[in-house]
Amino acid sequence: MDRIVAMTRRCSVWLDDFLRDLTAADTAVAHFPDAECPVDVPGTADAVVAFAALLSWCGAQGTQRFLLLGSEEPVVELVLGQDRPVEAVRQVASRLTFSGAAMLSLAPRSGQQGAAVPRLYIRTVPGRAWLGVEGGHGRVREDRLTELAARLGVFAVQVGSAQGVFGDLDPWTAPDSQRQRERWNGKQIAAPQQTIPALVAPWVERTPAAVALTYSGGTLTYRQLWQAASSVAGALAVHGVRPGDRVASLVSPGHRSVVVFLGMLLAGVCHVPIDHRAPAARARAVVADSGARLVVAADGVADEFEVPGLLLDDLLTCEGAGRTLLPVQPDADAYMLYTSGTTGRPKGVTITHANVVNTLAGVDDVVSFTDRDVWTLFHSCTFDFSVFEIFGCLAHGGRLVALGQPEIDDPLLLYGALERESVTVLCQTPSAFTRLIALDEAGAEELTSLRQVVFGGERLDPRVLGNWLRRHPSVRLTNMFGISEATIHSTAHDVTADDVSAARSPIGRPLRSVELHLVDDRGHLVADGAVGEIWLGGASVAAGYHNLPEVSRERFVVPRWGGKPLLRTGDLARRGPDGVLEYLRRKDDQFQWHGYRIEPGEIVGALLGYPGVSVAEVVATDGPQARIAAFVVAAGDTSLNPERLASHAASLLPHYMVPQAIHVIGTLPVTSNGKTDRKFLADLDAECGRATPLSTPQQHLFTASRLAADPDQYVETAVWQVRGQGLNTDALRHALSELTSRHHILRTRFLLKEGRALQRLRPPWRPALKILSLPETGAGQGQLLEATGGLCPVDADAGSVIAAAVVHTGGGDEFLVLRQHHLVTDARSVGLLVGDLAACYRAAVERTVPAPWPGGQYRDVAAVAPSADAVGHAVQRLSGAAAVLLPQPPRRQRDGMIRVEVPIGAATAARAARDHRATVFVLQASALAAALHVWLGRADVTFGITVDGAGAAAGPPVLGTVSRIMCGAG
């Protein structure tokens, strides 16, 4: 039969996925040519235009090359896409002439990698067409093909008279649209008509003595928590606050924030939480915009607003207990959160009691919690994940552990708290959880009580969970998608072993308390398997944004099919063959780069395919130094080379998508909400992108180390025997990482560029720590150095300037070996390094935060140049001095020194120094000057003595090579 073939030159990756989903191994439909569905069409030209409309609706866009078989014109190009005028394609199709039957099929992109992409085709004769699939793997999915054939028929009826663009065509009849919506949204559970405190009250009656809240200073039982919250509610009334009023709070995370929140809910007050670390201008803007009647704060900032302020201590101690509280209705406002706005103005969204209760009921339908569970309060009160942590726990009679800021910021302290408190339920953003994965891979003790981890707040790449899932098969990992405007969670999916090997982010199916649809840019439901924006409805969705009617009309819209307004989330997803939703990205995540639209997830996927990469993130910076920068976290003790990573990315990505900088970091930084701190990453890249000259001592050492035959000649090694209790290697790893955060010199790369020696900062990283065993007993220092040298490499070019090893010998001895490049330490600063390592190690063992580094940074000290007067004085004094006094020695020690034994004991030298009222150093320098007089027969001699850290005593202590030449004359 004659046929037409469409060869696609630009075809979306997501369209490829859509086409692959047309076939599956478990279907029971025959292969081509029998896998066809008939469609009535007015004519062949209409069939071609309708097929173009179908492809555009499914994601095809840009210029497509059609090879036509059965036509006098063998090749034609069309431009497809939702914004393409129908008339433009119809004119081309009407000029085509066919000899009877024809066939048109869609081929894969040129150079397509991965699984074969099947080809969707139409076979047509006048008045009749057949839609079918050929190629690919597996058998054709009859349900998908039948559905697409029905949409093709709807398009064919419209294209003959359509005057707009393809996106204006509606692929659904009213009955088909209703059936599609009902298909993916099961019978919804009835929203309980309760307030949030009504979920907690039964546990106050049933188990009043059970611990409800644990914090660093003690515990609160359910009775005590209820009494404290009731007192807060009464105290608010004392200060003139009435039900329906809004009250802002600037309270740090902890147990008191829980008491205040519950008290406001009991009083019928709408809680407006503000991050206690927020800039004053933002805090004032939120208070003003929200219309808060009162501001509660932990310190004097409560008086810095135009509304009355109240100190938290005064609120908690006010005699409010016993006051009769007015009843609160389920539709009362519970809290107002401010989310980021694309215009720069934060958007306030108000959530009611009923919204929260509905979400909790939907989660209970898929995840089981009990009164034996122990939860953590990890997230900021400005992030609605905290609402789920608080009331997901208290509504089931569980115990809530309110973490302190140090435990929130430091993954090692967090890990210790999870272990100490026997936590069973943990809520985390994926970025925050990667920090715990790193500790787990480093050999941290197993969290034996943990049974449930709930992910939310950002996109999850399940591949980072592979090792965790294998080591902890009994821990249930549930990924949830949600948005603040729809009250925390809207979908749920349990991560499986199959998920961790696939490059997709499954978010599951909608909760039965939620209505969810995938919609295209024109407001039409998308085909199964195609990409669409998530629209949400149901009793968990807010009514709109506070004081932003225009934005509310844009985001809360009545759909084409009518009914109540739905929330446009701005998130893109697609349904897999199994009905599971796959999250793709935010609609606004793409960025423009030299004329190209870049999808950051594609770069991240390429980097995650490199062995040893556990986490990856990409940011695009702007300004004069604009570039694409990638940040990767290594798995365990894996050593990653940025240059090799860049080569790997270049082998998979177009040249314009390859990151200009790849940084290896110890862990991803997170915001107070636990999400990846992309601004911090961008700032870090900017800081690391600046290359600066070396100091004079560094230049000398850099050149000498490059010329040295033995690369270890300029590596300093120190060995300590560990006595008493053995080293905690987890704490030591954490301490080494902490050192790189505290000392810029320990995260410096030294490079040669265009003949210039330069230094460039790298992000904080995790130095290698090797655990070795030597069979020998009584191993000497030489054996230890030989054993650790090759296993603990130090590479100044890569920025790996420090490494460590713990060595166990056959005799039961334990040694700590520390290796660092001479470019980052000298004889004086080695002691500073060890001292600060010890401080960080003690803090890690005690699960506390180390005191801040009291010293400065090397670059600040090295940047201080001597004054012009000092330089002039030195030049004057040295004028006429001989450049070389002694001939070069025939043999030189490895370190370049010639050792001379002086037959004078330390006690004799000290006694002579006292007699002459001088230091031992001055005495030795005088002796050297006298010897040079005799040896050289000169009346005057000038010599120099290299002094480590000379002059640094006047300023703060620093790590680094701060060598100076002290000149002596005699």
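If you're wondering where the values come from, they're calculated on a predicted model, not measured in any experiment. Excluded from the calculations below are hydrogen atoms, water molecules and symmetry mates; all remaining heavy atoms, backbone and side chain alike, are included.
Within the model, atoms CG of Leu469 and OG of Ser501 stand 10.5 Å from one another, a figure rounded to the nearest 0.5 Å. For the atom pair CH2 of Trp184 and CG of Leu581, the computed distance is 8.5 Å after rounding to the nearest 0.5 Å. In this structure, CD in Glu419 is found 5.5 Å from CZ in Arg847, a value given to the nearest 0.5 Å. Atoms CZ and CG, on Arg435 and Asp440 in that order, are 14.5 Å from each other to the nearest 0.5 Å. Here the NE2 atom belonging to His493 is positioned 10.0 Å from the CG atom belonging to Leu477, to the nearest 0.5 angstrom. The CG atom of Leu640 sits 10.0 Å away from the OG atom of Ser800 when rounded to the nearest 0.5 Å.
For the pair Leu414/Phe378, a side-chain contact is recorded, criterion being any heavy-atom separation below 4.5 Å from C-beta on. Under the 4.5 Å side-chain criterion, counting only non-hydrogen atoms from C-beta, Ser380 is not in contact with Ile408. Using a 4.5 Å heavy-atom threshold, the side chains of Thr359 and Val387 count as separate. The shortest distance between side-chain heavy atoms of Pro510 and Asn185 falls below 4.5 Å. With a 4.5 Å cut-off on side-chain heavy atoms, Val464 and Val633 do not count as touching. Using a 4.5 Å heavy-atom threshold, the side chains of Pro669 and Leu681 count as touching. Between Ile534 and Ile507, the closest side-chain pair of non-hydrogen atoms falls below 4.5 Å. When side chains are defined from C-beta on, Leu816 does not count as touching Tyr841, because their heavy atoms never get closer than 4.5 Å.
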Notebook entry, point to check: Stepwise, does the side-chain contact (heavy atoms from CB on, under 4.5 Å) test hold for Val475 with Leu447?
Noted result: CA-CA 10 Å; Val475 179; Leu447 300 172; over 6 Å; no
Next item on the list: Test Ile628 against Val618 for side-chain contact (heavy atoms from CB on, under 4.5 Å), laying out the working first.
Entry: CA-CA 7 Å; Ile628 301 174; Val618 172; 3.8 Å; yes
Margin query: Let's go through Glu458 and Ser431 carefully: what are the C-alpha distance in whole Å and the side-chain angles of both, what is the deciding distance for side-chain hydrogen bond (donor to acceptor under 3.5 Å, both in side chains) to 0.1 Å, and is it a yes or a no?
Written below: CA-CA 8 Å; Glu458 61 185 3; Ser431 295; 2.4 Å; yes
Next item on the list: List the steps, then state whether side-chain contact (heavy atoms from CB on, under 4.5 Å) holds for Arg575 with Leu518.
Entry: CA-CA 9 Å; Arg575 268 190 197 89; Leu518 296 183; 3.9 Å; yes
Check: Can you check side-chain contact (heavy atoms from CB on, under 4.5 Å) on Val367 and Met480, steps first, answer last?
Finding: CA-CA 11 Å; Val367 183; Met480 294 189 173; 3.9 Å; yes
Note to self: Set out, in order, the CA-CA distance, both residues' side-chain angles and the distance that settles side-chain hydrogen bond (donor to acceptor under 3.5 Å, both in side chains) for Thr214 and Arg399, then state yes or no.
What the structure shows: CA-CA 7 Å; Thr214 300; Arg399 177 166 68 92; 3.0 Å; yes
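Under a 4.0 Å N-O distance rule, the pair Arg471/Glu446 does not qualify as a salt bridge. Between Arg749 and Glu643, at least one side-chain N (NZ, or NE/NH1/NH2) sits under 4.0 Å from a carboxylate O, which counts as a salt bridge.
The nearest pair of heavy atoms linking Ile665 to Pro763 is CG2-CB, 2.9 Å. Pairing each heavy atom of Leu739 with each of Cys840, the nearest pair is CD2-SG, 4.4 Å. Across all their heavy atoms, Asn479 and Pro506 have their closest contact at ND2-O, 2.9 Å. The minimum heavy-atom distance linking Val604 with Ala616 is given by the pair CG1-O, 3.8 Å. Minimum heavy-atom separation, Val500 to Pro462: CG1-O, 3.3 Å. Closest approach of Ala630 and Leu607 over heavy atoms only: CB-CD1, 3.5 Å.
Ring geometry for Phe455 against Phe433 counts as perpendicular: the plane angle is over 60°, on a 0 to 90° scale with 30° as the lower cut. Relative orientation of the Phe388 and His489 rings is perpendicular, given thresholds of 30° and 60° on the angle between their planes. Using cut-offs of 30° and 60° on the angle between ring planes, the pair His379 and Phe383 is perpendicular.
Using a distance-only test at 3.5 Å, with no hydrogens or angles considered, no donor-acceptor pair links the side chain of Ser505 to the main chain of Asp461. Within the 3.5 Å criterion, the main-chain N or O of Ala361 finds no donor-acceptor partner in the side chain of Ser513. Remark: side-chain polar atoms of Glu421 are not paired, donor with acceptor, to backbone N or O of Val374 under 3.5 angstrom. At least one donor-acceptor pair under 3.5 Å links the side chain of Arg585 to the backbone N or O of Lys587. Side-chain atoms of Glu533 come within 3.5 Å of backbone N or O of Gly570 as a donor-acceptor pair. With hydrogens and angles disregarded, a donor-acceptor distance shorter than 3.5 Å links the side chain of Gln660 to the backbone of Val658. The closest donor-acceptor contact from the side chain of Arg762 to the backbone of Arg747 lies at 3.5 Å or more, if one exists at all. Side chain of Ser737 to backbone of Arg733: a donor-acceptor contact under 3.5 angstrom is found. Formation of a donor-acceptor pair under 3.5 Å by the Asp571 side chain with backbone atoms of Tyr583 is not found in this model. When atom types are taken as modelled, the side chain of Trp765 and the backbone of Leu746 share a donor-acceptor pair closer than 3.5 angstrom.
Applying the salt bridge (Lys or Arg N to Asp or Glu O under 4.0 Å) test to pairs two or more places apart or on separate chains, none has a residue in residues 644-666.
Residue-environment remark: CZ (Arg183) exceeds the threshold of 12 foreign heavy atoms within 6.0 Å.
Scored by the side chain to side chain donor-acceptor pair (under 3.5 Å) test, Asp730 finds no partners at all (sequence neighbours excluded). Partners of Arg678 according to the side chain to side chain donor-acceptor pair (under 3.5 Å) rule, which considers only residues two or more places apart in sequence or in another chain, are Glu617.
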